[in-house]
Amino acid sequence: MNIKELQGSDIRVRFCPSPTGNPHVGMIRTALFNWAFARHVGGTFVFRIEDTDAARDSQESYQALLDALSWLGLDWDEGPEVGGEYGPYRQSERGDIYARVMSQLTEAGYTYPCYCSAEELDARREIAMKEKRTPGYDGQCRNLSQAEVDAYEADGRSAVIRFRMPGSDFTWNDLVRGELTFKAEHVPDFVLVRANGDPLYTLVNPVDDALMKITHVLRGEDLLSSTPRQLALFAALEDVGVASYTPLYGHLPYVMGEGNKKLSKRDPGSALSMYQEEGYLPQALLNYLALLGWSMGNDVEFFSPQEMATAFTLERVNPNPARFDLKKCTAINGDWIRHISQQELIGHVIPFLENAGVVTSPPTPEQLETLNLAVPLIQERLDKLSAAPELISFLFKDVVAIDPALWSEGALEVLIESETVLAGIESWSHDSIQSLLKATLVEGLGIKPKFAFGPIRTAITGHKISPPLFESMEILGKEICLDRLSAAIETLK
RNA sequence: GUCCCCAUCGUCUAGUGGCCUAGGACGCUGCCCUUUCACGGCGGUAACGCGGGUUCGAACCCCGCUGGGGAUACCA
């Protein structure tokens, strides 16, 4: 197959994180772009777990990765849980494959053992830098004789396995940056297998891309400088029959955090779990992340993952780094909260109310009925789901606690008057409540709306800010409202 | 040090030689709407890093500089 003449359905991309720590939004951005690209062209999205670093990988992180993609709706066609014809999809289960490939590579002369110790390497690197030479590995063990190998072994030394670079320059046409070239002398022989026999990323990543028939590698800019090595390895892999072609590479821009640094765990907003806890909608997070390095080009910034996939092309990916802006992300989340249906929003908000103890788990039929009435009132007031409990908890309590500092001048008079007229009201609807109160307080007593309704709001909701007052009173019902008014009057007397 | 990447409002971006006295969004901000808070509407603020070319014409092409980032691992 000629890599340049692929049909859409031939295209295979992958997302291959290491399960170290919590999922990170920069990583999710990479997953999103790969997913969108695959979906746009009708190709295959492969999910692979690169757990070759036993010291740092964990089962919890592995599970977190699965949960993250599932929550976000970034469905994968091959990978953990779903399988596929190129599995297993966890590198920790592919040890025999790497061993087999290594022996093929070794047999063909592409590798050699290197006995240099870390100390020796450091010392030589320092000298190279002093002499303004390229500081990478200098090829010391490239052509060891059998006698020298035996001597090292007799000495008790263990060897890493290095890849023998071909000595040619490397040029590729980066999918997002255009033609890129590295001179041969700047990409030294690199380590494929640790002295203890563990294969390294430098080996397993290209090997799995080859075996899994990956056609397009879209990854972070941080991996740009390792591309020449992978190109060299791929040539060797093709030679020994492991790879049938070398994939095309595209390097996505960094996602930056505070202070011109790559977004790190320290940055607020870097952990995916925060978005779940604070109540961001998955499509909103994805919508924002899409804007970090890609745009539709028509000033449209509000779109669903599906709409993104429909419009996604590599030509529109921007090469320059983007700073993560939580404020804008939150604004888009607010847009999404307003955009979904009331029923959807109720479903999203319930877990937050349960957690806060505002409603029972699961909510009672009465609570659900209240929610049906209350959620429309707060839909345009929410930028995160986590803000909901505080906004409507007063609708689910028997009494509300009131901070005395909230009472304004003249509150008592307003409350007494309100209680009196409301006690005699005929229909308890927000319209009639409003017109009665307006006629009595504003027009009758000449009190400004702010001072007329402010105290009532405080008495009813316990807060200075709340959902619309009269609608809230309607939901609460006449009895509770009158109770709260008289309770407030008692404390103020 | 060496190599590589990047360069438009504070931030994300549109812009691929004339449509640009540079457009949109977030932020900030003024006004309107208004029972609070929001939402919404109408405005405002604010950018092509610098210097050379190429061209009738450059944000757009080329070179240099500067600035920022990354790599230079038995991490990924």
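Order of the sequence lines sets the chain letters (A, B, ...), proteins ahead of strands, with each chain counted from 1. All values below come from the heavy atoms of this structure, side chains included, with hydrogens, waters and symmetry mates left out.
- For the C1' atoms, the distance from C4(B) to A46(B) is 33 Å, rounded to whole Å.
- As judged by a 4.0 angstrom heavy-atom cut-off over every strand, Thr20(A) is placed among residues making no nucleic acid contact.
- Within the 4.0 angstrom heavy-atom criterion, no nucleotide atom of any strand lies near Asn205(A).
- Among the heavy atoms of the strands, none lies under 4.0 Å from Arg219(A).
- The residue Gln91(A) sits apart from the nucleic acid: no heavy atom pair falls under 4.0 Å.
- Among the protein residues, Phe190(A) comes within range of no part of the nucleic acid, since none of its heavy atoms lies under 4.0 Å from any strand.
- Note on Pro253(A): nothing from the nucleic acid sits closer than 4.0 angstrom, heavy atoms only.
- The nearest heavy atom of RNA chain B to Glu471(A) and to Val160(A) marks one nucleotide each, and the one closer to the 5' end goes with Glu471(A).
- Within 4.0 Å (heavy atoms only), Thr202(A) reaches no atom of the nucleic acid at all.
- No engagement by Gly454(A) is indicated, since no non-hydrogen atom pair under 4.0 Å with the nucleic acid exists.
- Across all strands shown, C75(B) remains unpaired; no Watson-Crick or G-U wobble contact has both distances below 3.5 Å.
- Look at Arg229(A) and you won't find any side-chain N or O under 4.0 angstrom from OP1 or OP2 of A71(B).
- Nucleic acid contact for Leu291(A): sugar-phosphate only, since backbone atoms but no base atoms lie under 4.0 Å from a heavy atom of the residue.
- Taking both residues in full, the closest heavy atoms of Ser158(A) and Ala195(A) are given as OG-CB, 3.7 Å, listed atom of the first, atom of the second, then distance.
- For Glu380(A), whose side chain is taken as the heavy atoms from C-beta onward, the closest listed nucleotide among A38(B), C6(B), A76(B) is A38(B).
- Classification of the Phe37(A)-Phe312(A) ring pair by plane angle, with boundaries at 30° and 60°, yields perpendicular.
- Going from the P atom of G68(B) to that of C33(B) covers 49 Å, rounded to whole Å.
- Residue Glu50(A) is classed as a sugar-phosphate contact, given heavy-atom separations below 4.0 Å to backbone atoms only.
- Interface remark: the Glu221(A) side chain does not form any donor-acceptor pair with the G70(B) base, using a distance-only criterion of under 3.5 Å.
- Close to C12(B), at under 4.0 Å from its OP1 or OP2, lies no side-chain N or O of Asn320(A).
- Here Ala195(A) lies in heavy-atom contact (under 4.0 Å) with a base.
- Pairing for C33(B) is absent, judged as Watson-Crick or G-U wobble with the two contacts each under 3.5 Å.
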Test log, rule side-chain contact (heavy atoms from CB on, under 4.5 Å), inputs Arg177(A) and Leu224(A):
CA-CA 11 Å; Arg177(A) 285 150 213 274; Leu224(A) 201 157; 3.8 Å; yes

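- At U13(B), none of the side-chain N or O atoms of Arg323(A) fall inside 4.0 Å of OP1 or OP2 (strictly under the cut-off).
- Look at Asn318(A) and you'll find a side-chain N or O under 4.0 angstrom from OP1 or OP2 of A14(B).
- The aromatic rings of Tyr110(A) and Phe163(A) lie parallel to each other, with less than 30° between the two planes, well short of the 60° mark.
- At a threshold of 4.0 angstrom between heavy atoms, the contacts of Ser18(A) are confined to the sugar-phosphate backbone, with no base atom among them.
- Position along RNA chain B of the nearest nucleotide to Gly293(A) versus Tyr201(A) favours Gly293(A) as the more 5'-ward residue.
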